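Notes follow once the structure below has been shown.
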Amino acid sequence: RTRSLDDCQRDRFFWPMTSSTADGPSPLSVLCSGGAVPQMCGPHLWRLPVASRVGPDDVSIVSLTTRALPAPERPLSSRELFELSQLYSFAELRDGVPPESAGRRAELTRRAEVLLQREAAVAAALENWENSGLWTMTVSSVGYPRHLQERLGPSAPAVLHGFGDSERLHTLGLGVAGSRAAVQRDIDRAKAVGVQAAEHDLALVAGAARGVDAAAMDSAIGAGGCAVGVLAESLVKAVSRSETRRHILDGSLVLVSPL
């Protein structure tokens with residue numbers, strides 16, 4: 001069943017569309033939703049001005065969860081961080097929680113106390129990343145997309161890193177996901193969706209992989225709209241491409257990753 005983008009925008013409706021690839025049938029899904037989703041830094045020849053958004057709690061959260069830096073213990077998952085936050089403040093964890101007070105969560109508490117010992121190194125890394133144009137926000141940050149918490153609850157990514165205008169994460173978005181090995185017909189359909197997103201002032205949200213995702217994002221940007229790429233690869237690798245940097249700098253592209 002087909003519905004107009006106006007209806008979709010109003011009702012936040014999800015519908016599947018049939019797609020095919022060189023390997024046979026595969027799903028191409030389009031989702032309307034309220035807003036958009038390691039080697040983190042290195043020498044860059046460009047820089048975006050970034051307002052510092054990292055506070056003490058953010059440093060603690062990154063220290064507890066990031067896998068981008070050496071860790072003396074296995075970093076916490078988003079769900080483990082949520083569970084811990086219901087029990088103690090970061091200050092209490094830094095001071096040390098008596099084993100008898102930790103109860104059945106003693107092992108989780110112990111890991112957290114050890115991970116917080118790398119806060120100084122994490123703070124230095126965050127400053128270096130920010131100076132390279134890479135922003136970082138956590139679930140305690142003012143600018144964190146609250147719809148992620150509303151929809152995902154304790155599983156919402158504890159940390160987001162990105163390049164570009166993070167305000168784009170708060171706009172209404174049209175999400176596209178499809179095959180990397182898409183046939184031309186599906187590439188054309190993805191491009192048409194990208195144009196419609198731009199015409200309706202919707203951010204085109206996709207994974208930025210080649211094929212359907214890239215076609216929809218490029219089409220949206222080409223039509224005067226904007227795109228949000230949610231990456232599962234190194235952000236630094238992605239921004240090494242000159243065209244990507246140009247779109248980030250002109251505000252038409254945001255790249256974000258929870259990794």
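Quick caveat: nothing in here was measured; it's all calculated off a predicted structure.
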Minimum heavy-atom distance between [X] and [Y], given as atom pair plus value:
X      : Y      : result
Pro75  : Leu115 : CA-CD1, 3.8 Å
Ala220 : Cys226 : CB-O, 4.1 Å
Ala238 : Leu255 : CB-CD1, 3.8 Å
Leu84  : Ala112 : CD2-CB, 3.3 Å
Ser141 : Asp58  : OG-OD1, 2.9 Å
Val114 : Pro72  : CG1-CG, 3.6 Å

Using modelled atom types only, decide if a donor and an acceptor are shared between the side chain of [X] and the backbone of [Y] within a distance under 3.5 Å.
X      : Y      : answer
Arg168 : Ala227 : no
Arg111 : Arg74  : yes
Arg245 : Val239 : yes
His170 : Arg146 : no
Ser78  : Ala158 : yes
Ser219 : Ala216 : no
Thr171 : Glu167 : no
Trp135 : Gly164 : yes
Arg118 : Leu69  : yes
Ser132 : Asn128 : yes

Among the clusters formed by ILVMFWY side chains lying less than 4.5 Å apart, do [X] and [Y] turn up in the same one?
X      : Y      : result
Met217 : Val195 : no
Leu108 : Leu87  : yes
Tyr88  : Phe82  : no
Leu81  : Leu116 : yes
Leu169 : Leu172 : yes

Nearest 0.5 Å, please: how far is [atom2] in [Y] from [atom1] in [X]?
X      : Y      : atom1 : atom2 : answer
Leu253 : Asp218 : CG    : CG    : 9.0 Å
Asp250 : Asp165 : CG    : CG    : 11.0 Å
Leu93  : Glu113 : CG    : CD    : 6.0 Å

>> Taking CD in Glu73 as the centre, count heavy atoms belonging to other residues, nucleotides or ligands within less than 6.0 Å. Is the count above 12?
In response: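 Atom CD in Glu73 is packed in, count exceeds 12.
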>> Are more than 12 heavy atoms, taken from residues, nucleotides or ligands other than Arg110, located less than 6.0 Å from that residue's CZ atom?
In response: yes
> Knowing that exactly one of Val59, Thr65, Thr66 qualifies, which makes a side chain to side chain contact (heavy atoms under 4.5 Å, CB included) with Ser63?
Replying inline: Val59
Heavy-atom side-chain proximity of [X] to [Y] below 4.5 angstrom:
X      : Y      : value
Val193 : Arg189 : no
Phe163 : Leu134 : yes
Thr138 : Asp57  : no
Phe90  : Ile61  : yes

>> Ignoring hydrogens and geometry beyond distance, is a side-chain donor-acceptor pair present between Glu119 and Ser60 at under 3.5 Å?
In response: yes
>> Side chains of His161 and Ser257 only: does a donor on one sit below 3.5 Å from an acceptor on the other?
In response: no
